[in-house]
Number of protein chains: 2
Amino acid sequence: MSEQLDPEMFSACGNVVLPMRTHNKWAFRIMVCLEPGRRRFSELRIPLREITPKVLAESLRAMERDGLVTRTAYPGVPPRVEYELTDLGRSLLGPMRVWCRWAEEHLPDLVAARESYDTAV
Amino acid sequence: MSEQLDPEMFSACGNVVLPMRTHNKWAFRIMVCLEPGRRRFSELRIPLREITPKVLAESLRAMERDGLVTRTAYPGVPPRVEYELTDLGRSLLGPMRVWCRWAEEHLPDLVAARESYDTAV
DNA sequence: CAGGATCCGCTTTGATACTG
DNA sequence: CAGTATCAAAGCGGATCCTG
């Protein structure tokens, strides 16, 4: 076995390991939607079916705040707003793909573990 | 620009892309703590300072349910319980490291974006 | 069309105290 | 030691209605 864990292990990194804790439910998918190019608000709503406009707007604003997407509003009627990944946002696509590949590969195991755990109780 | 987004894009994958949505605040750190080897409940509490026993117990049980850790209770007094990563859990360390490397590299950008966004409002 | 405002409820997180 | 019980607070997601 190994020695004691360092008590200061995490003292330097606030939420460093997981900066996108909140607004995650949709952020991943939104980024996937934006990967091929810029999209309008209502275009995003189509694949994200169950999302309400409020939540989509909130998620996009949080992502804009984090510098992951840009929001461009074109004046005029009807209004038009487009969202696009920033360089920072695009740099996240790599790690995301790694994560997704893990999920594709191992999700059945996880689901199976969950089921056997639940039936055992 | 690109064509319309496929409305069925996500219809097949429930929460596939992010299976560990909840219980994430601590799960990442717990996995880091368990990487070198098995640990007892109270050993884990040391680096995870602010965590309450209740939340640690909950997080560990959720991770056990997902097949990421095993829980081994040794009978006797005083009680002793040890937690250890499963193969499935260990398989997640790679993707996690990728994610952490991104965070180390780009978190300053993200924080800066956040600050400039906040002062702009 | 792209959201903002309001209200509501579930879930997650936490502080504190207690127990086999 | 390794948790559980209880209570309280916050976060998160959604329904509905409204507006420039």
Side-chain angles (χ1 to χ4, degrees), chain A residues 1 4-5 7 10 14-15 17-30 33-34 38-66 69-84 114 118 121, chain B residues 4-5 10 14-15 17-30 33-34 38-66 69-84 114 117 121:
Chain A
M1 189 91 56
Q4 256 227 334
L5 290 172
F10 297 114
N15 266 328
V17 278
L18 196 57
M20 286 167 50
R21 238 197 86 237
T22 62
H23 286 280
N24 270 40
K25 178 171 180 184
W26 301 105
F28 256 61
R29 300 177 186 202
I30 290 171
C33 292
L34 291 178
R38 57 175 60 197
R39 290 293 174 186
R40 303 184 58 176
F41 190 86
S42 38
E43 285 184 295
L44 290 172
R45 289 184 66 178
I46 298 170
L48 303 173
R49 323 199 123 192
E50 332 86 66
I51 200 170
T52 61
K54 175 200 167 196
V55 174
L56 178 54
E58 277 174 1
S59 304
L60 285 167
R61 217 177 311 121
M63 293 168 73
E64 190 192 0
R65 186 168 105 97
D66 285 350
V69 304
T70 57
R71 176 184 184 279
T72 319
Y74 300 91
V77 176
R80 212 179 93 221
V81 180
E82 287 187 344
Y83 295 91
E84 190 176 13
R114 211 171 259 195
D118 289 345
V121 185
Chain B
Q4 258 229 332
L5 289 172
F10 298 115
N15 265 328
V17 279
L18 196 58
M20 285 168 52
R21 238 196 86 236
T22 62
H23 285 280
N24 270 42
K25 177 170 179 182
W26 300 104
F28 255 61
R29 300 177 185 203
I30 290 171
C33 292
L34 290 178
R38 58 175 60 196
R39 292 291 176 187
R40 303 182 58 172
F41 190 85
S42 38
E43 285 183 293
L44 291 173
R45 291 185 65 177
I46 297 172
L48 302 174
R49 321 200 124 190
E50 332 86 69
I51 200 171
T52 62
K54 178 198 164 199
V55 174
L56 178 54
E58 280 174 357
S59 303
L60 284 167
R61 219 175 309 120
M63 293 168 73
E64 190 193 359
R65 185 167 105 98
D66 284 349
V69 304
T70 56
R71 177 185 183 278
T72 318
Y74 299 91
V77 178
R80 211 179 93 220
V81 179
E82 288 188 342
Y83 294 91
E84 190 175 11
R114 212 171 261 196
Y117 182 95
V121 187

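Below, chains carry the letters A, B, ... as their sequence lines are ordered, and counting in each starts from 1.
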task = Measure the shortest side-chain to side-chain distance between Tyr83(A) and Thr70(A) over non-hydrogen atoms and say whether it is less than 4.5 angstrom.
result = no
key: Rounded distance in Å - CD (Glu43(B)) to C1' (dC1(D))   = 12 Å
Reported CG-to-CD1 distance for the pair Leu44(A) and Ile51(A), which is rounded to 0.5 angstrom = 8.5 Å
inquiry  = Whether Arg40(A) contacts dA2(C) is assessed here as follows: a side-chain N or O lying under 4.0 Å from the phosphate OP1 or OP2. Is that the case?
reply    = yes
key: OG-CZ distance between Ser42(B) and Arg80(B), expressed to the nearest 0.5 angstrom   = 10.5 Å
Which atoms of nucleotides 14-19 of chain C (N or O only) lie under 3.5 Å from a protein N or O atom, and what are those distances?
| from | atom 1 | to | atom 2 | distance (Å) |
| --- | --- | --- | --- | --- |
| dG14(C) | OP1 | Lys25(B) | NZ | 2.5 |
| dG14(C) | OP2 | Trp26(B) | NE1 | 3.3 |
| dG14(C) | N7 | Lys54(B) | NZ | 3.0 |
| dG14(C) | O6 | Lys54(B) | NZ | 2.1 |

remark   = Between CG of Leu48(A) and P of dG13(D) the distance, given in whole Å, is 13 Å
ask   = Roughly, in whole Å, what's the span from CD1 in Ile30(B) to P in dA2(D)?
value = 14 Å
side-chain hydrogen bond (donor to acceptor under 3.5 Å, both in side chains) partner of Glu84(B), chosen from Arg39(B), Arg38(B), Arg71(B) = Arg38(B)
note = To the nearest 0.5 Å, atom CG of Leu48(B) lies from atom CZ of Arg29(B) at 7.5 Å
key: Between C1' of dG14(D) and CZ of Arg45(A), the distance in whole Å   = 13 Å
request  = Would you kindly give the OH-to-P distance between Tyr74(A) and dA2(C), to the nearest whole Å?
outcome  = 12 Å
key: salt_bridge(Glu82(B), Arg40(B)) N-O dist < 4.0 Å   = no
ask   = Taking atom C1' of dT12(C) as reference, at what distance in whole Å does atom CE of Met63(B) sit?
value = 17 Å
query = Between Tyr83(A) (OH) and dC1(C) (C1'), how many Å, whole number?
reply = 11 Å
remark   = Residues Arg45(B) and Pro53(B): closest non-hydrogen pair is NH2-CD, 3.6 Å
message = dT4(D), OP1 or OP2 - any side-chain N/O from Arg61(B) closer than 4.0 Å?
response = yes
ask   = Under 4.0 Å between a side-chain N/O of Arg80(A) and OP1 or OP2 of dA2(C), yes or no?
value = no
dG3(C) phosphate, OP1 or OP2, under 4.0 Å from Arg71(A) side-chain N/O = yes
